[in-house]
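Here's the structure we're looking at; comments come further down.
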Amino acid sequence: MKHSMDPLLQEHKKVTAAGYLSVLLTAVTSFIGILNWLALRGLVIYLLGYYNVNPFSWQAIDYIMFISLGIGWLAYVYYSQFHFKKRALAGRVWKSFTRFLAVQLGLLFACGVPYFVLGSGNRPKDEWWLLASEGVGALVLTLLSIWLGRRASKASDR
C-alpha cells in the first residue's frame, strides 16, 4: 500500500528545501561578493595613485569606499537570498544563480582590466591568466544562463 503524503507536508518540505538551497547559493555569491568588494576597493586606491590624487585624501576616500561597499554587499546578500528562495520555489533557481555569478565574474574582470591597460602597479605580470579566466567564466555563465532561460521557457510552453 502506497502512502500518500499530506499536501501541506509536501509544501512545507518544498519551502524548507528552497530555503536551504537559497542559503547555500547565497553563501557562494556572498563570498565572491567579498572578493568584488576588495577588488573594487583596491582598484579605487590604484586609480587614486595613478591619477596623482592628493595622498592626504586617500584615507577618507578609502573609508567612504569601505563603508559604502560594505553596505552594498550586505544589501546584495539579503537580496540574493530572497531572490534565490523565490526562484527555487518557482523551479528556476539555476538560471538566476548563473546570472548572478556571471555578473560577479564580469565585475572582477572589469576591476582587473585597468591594471593591465594602465600598467600593472604592484600586481605580477603573470596574473593575466586569472583575468582571462574571469572574463571567459563570465561569458560562459552568461551563455549558460541564457540557455537555461530558453530551456525553461520551452518547457513551460509544452
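For the single chain, residues carry numbers from 1 onward in sequence order.
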Any chain of hydrophobic side-chain contacts (each under 4.5 Å) joining [X] to [Y]?
X: Y76; Y: L107; answer: no
X: L69; Y: W73; answer: yes
X: I45; Y: F66; answer: yes
X: W129; Y: F109; answer: yes
X: I34; Y: L40; answer: yes

Applying side chain to side chain contact (heavy atoms under 4.5 Å, CB included) to F97 and V28, what does each step give before you reach the verdict? CA-CA 10 Å; F97 181 64; V28 171; 3.9 Å; yes
When you compare the side chain of [Y] with that of [X], does any pair of heavy atoms fall below 4.5 Å?
X: Q81; Y: V77; result: no
X: L143; Y: W147; result: no
X: L118; Y: L47; result: yes
X: L21; Y: F84; result: no
X: L130; Y: E134; result: yes

How far does [atom1] of [X] sit from [atom2] of [Y], to the nearest 0.5 angstrom?
X: L101; Y: S145; atom1: CG; atom2: OG; answer: 10.0 Å
X: L108; Y: L38; atom1: CG; atom2: CG; answer: 10.0 Å
X: Y115; Y: Y46; atom1: OH; atom2: OH; answer: 7.5 Å
X: R41; Y: S68; atom1: CZ; atom2: OG; answer: 11.0 Å

Which heavy atom in [X] sits nearest to a heavy atom in [Y], and how many Å separate them?
X: T29; Y: T26; answer: OG1-O, 3.2 Å
X: T142; Y: A102; answer: OG1-CB, 3.3 Å
X: C111; Y: L43; answer: O-CD1, 3.7 Å
X: N36; Y: Q104; answer: OD1-O, 3.3 Å
X: V53; Y: W58; answer: O-NE1, 3.1 Å

Between W37 and G72 (side chain of the first, backbone of the second, donor and acceptor by atom type, cut-off under 3.5 Å), is there such a pair?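 Absent.
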Dump the intermediate steps for side chain to side chain contact (heavy atoms under 4.5 Å, CB included) on W94 and L25, then the final yes or no. CA-CA 10 Å; W94 298 112; L25 298 179; 3.8 Å; yes
Would D62 and Q59 satisfy side chain to side chain contact (heavy atoms under 4.5 Å, CB included), going step by step from the backbone distance to the final call? CA-CA 5 Å; D62 184 37; Q59 189 170 14; 5.5 Å; no
Among I146, V103, V136, T98, exactly one meets side-chain contact (heavy atoms from CB on, under 4.5 Å) together with L141. Which residue is that?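 Between L141 and the candidates, side-chain contact (heavy atoms from CB on, under 4.5 Å) is satisfied uniquely by T98.
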For a side chain to side chain contact (heavy atoms under 4.5 Å, CB included) check, start with the C-alpha distance between V15 and E11, then their side-chain angles and the critical distance, and finish with the verdict. CA-CA 6 Å; V15 169; E11 182 65 26; 3.8 Å; yes
